[in-house]
There are 2 protein chains.
Amino acid sequence: MFRETTLAQTLRADVALIRLSFLVQSIYAQMCAKHDLSPAQAQLLCVIKDRPRGMSELAGLLRLERPGLSGLVDRIERRGLVRRDTPVHDRRAVTLTPSPRGQKIVEAFYAEVSDRLLEVIAHLPAADRRQFERIATKIVTIECVPAVFGDEANEPI
Amino acid sequence: MFRETTLAQTLRADVALIRLSFLVQSIYAQMCAKHDLSPAQAQLLCVIKDRPRGMSELAGLLRLERPGLSGLVDRIERRGLVRRDTPVHDRRAVTLTPSPRGQKIVEAFYAEVSDRLLEVIAHLPAADRRQFERIATKIVTIECVPAVFGDEANEPI
DNA sequence: TATTGTTATACTCTATAACTATA
DNA sequence: TATAGTTATAGAGTATAACAATA
């Protein structure tokens, strides 16, 4: 391989990863602003959009301490986007479910983020897109990244 | 292509991008904590580590409003990690430079983030790593992502 | 007048420590 | 006692609007 010829043109993987992440965060933030959600609120809604979750489980998925999550839920509940429930079999616990309005908002948000991210790779040759999906899936699977975004139906087994 | 056979195993590009970003942010946050930097402070230091920048330029690169940047700089200056200077030719302006201690910290931080990110792809076959670098570089180049991380010497032309 | 940056204000986010209620 | 979650507190981050100084 003639590495010299590409050195100045191809970013090192670490730099590429950071910038890719910066790009995604930037798109995510734009869509949040458009739907009047903070990034934290949007992420919370995305995690509960397909099924309710308990507070501890959510804190783990979102990598938050539980008091921080409590506050986040307070604010988004005050806006009427989620509902706290107490399961009958354990009255210490709380499960979180999107309200009908929250569900509508998160679905619209999710769809637009997806669209915008797919645009990001739309200009690549189809072979590159497939390669990218394959390799990126490998990376996040090996690293056990929690399912903070995605459809239940389209998860790797 | 027999898409059906891989549908359940390969994530869609949008989902993969979000999770990759989540992974990177998570690693970034861990390294920040280790070096006692907030993510915003670390990013600021990374942007000025190779050369001083003006406040407006920084606000643009970091996608912050200027009052937010002023506060960020106040806090990090109070910790003695950066220095504000006024260039003689325009006394309205302010340039930001890491202090010697700030420079040492950001270089250590930068090196560890790089290492950890390179570990993330270290288990992939070499061909996958090269493909990933190539395609990710294309994406961030097409999308004009600002150089928030990287060496001056290793930028695409 | 336009530009650079800061101050004032308000809110969200998030951590640690201490607490309450249930198991 | 251990677990689930909340309250109290404090500080960081960030936005908008109003301001000051310089060009």
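All values reported here derive from a predicted model rather than from experimental measurement. Throughout, protein chains are lettered first and strands after them, A, B, ... in sequence-line order, and every chain is numbered starting at 1.
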Subject >> Rounded distance (Å) that lies between atom C1' of D:dG13 and atom CG of B:L37 >> reply: 15 Å
**OP:** State, with a plain yes or no, whether a side-chain heavy atom of B:L96 is found less than 4.5 Å away from one of B:R53.
**Re:** no
Original post:
Which part of the nucleic acid, if any, lies within contact of A:L72, taking any heavy atom under 4.0 Å across all strands shown: a base, the sugar-phosphate backbone alone, or nothing?
Top reply: sugar-phosphate
**OP:** Select one nucleotide: of D:dG5, D:dA8, C:dG5, the one nearest the side-chain heavy atoms of A:R66.
**Re:** D:dG5
Subject >> B:Y28 OH to D:dG13 P, straight-line distance once rounded to whole Å >> reply: 12 Å
Original post:
Between the side chains of B:T137 and A:Q9, is a donor N or O closer than 3.5 angstrom to an acceptor N or O?
Top reply: no
Original post:
According to the salt bridge (charged side-chain N to carboxylate O under 4.0 Å, His left out) rule, which pairs have a member within residues 96-110 of chain B, sequence neighbours left out?
Top reply: none
Original post:
To the side chain of B:P67, which of D:dT14, C:dT16, D:dT16 is closest?
Top reply: D:dT16
Original post:
Looking at the side chain of A:E65, which of C:dT16, D:dA4, C:dT6 is the nearest nucleotide?
Top reply: C:dT16
Original post:
Do the side chain of B:E133 and the main chain of A:R12 share a donor and acceptor less than 3.5 angstrom apart?
Top reply: no
Original post:
Atom CZ of A:R75 to atom C1' of D:dT7: distance rounded to whole Å?
Top reply: 14 Å
**OP:** Provide, to the nearest angstrom, the distance between the CG atom belonging to A:L96 and the C1' atom belonging to D:dT6.
**Re:** 14 Å
**OP:** Starting at CG of A:D50, measure out to CD of A:Q103 and round the result to the nearest 0.5 Å.
**Re:** 7.5 Å
**OP:** Find the distance A:M55:CE to D:dT6:C1' and express it as a whole number of Å.
**Re:** 9 Å
Subject >> Spacing of B:R63 atom CZ relative to D:dA15 atom P, expressed in whole Å >> reply: 12 Å
Original post:
Listed in order of residue number, which residues of residues 77-92 of chain A have a non-hydrogen atom at under 4.0 Å from DNA chain D?
Top reply: A:R84, A:R92
Original post:
Touch check for A:S70, heavy atoms < 4.0 angstrom, all strands: base, sugar-phosphate only, or nothing?
Top reply: base
Original post:
Whole Å only: how far is the CG atom of B:L64 from the P atom of C:dT6?
Top reply: 13 Å
Original post:
Is A:L17 close to B:F149 at the side-chain level, that is, under 4.5 Å between some pair of heavy atoms?
Top reply: no
Original post:
Can we say A:R116 and A:E119 salt-bridge, meaning some charged N sits less than 4.0 Å from an Asp/Glu carboxylate O?
Top reply: yes
Subject >> Whole-Å distance separating the CD atom of B:Q43 from the P atom of D:dG13 >> reply: 11 Å
Subject >> First of A:P39 and B:V94 reached from the 5' end of DNA chain C, by closest nucleotide >> reply: B:V94
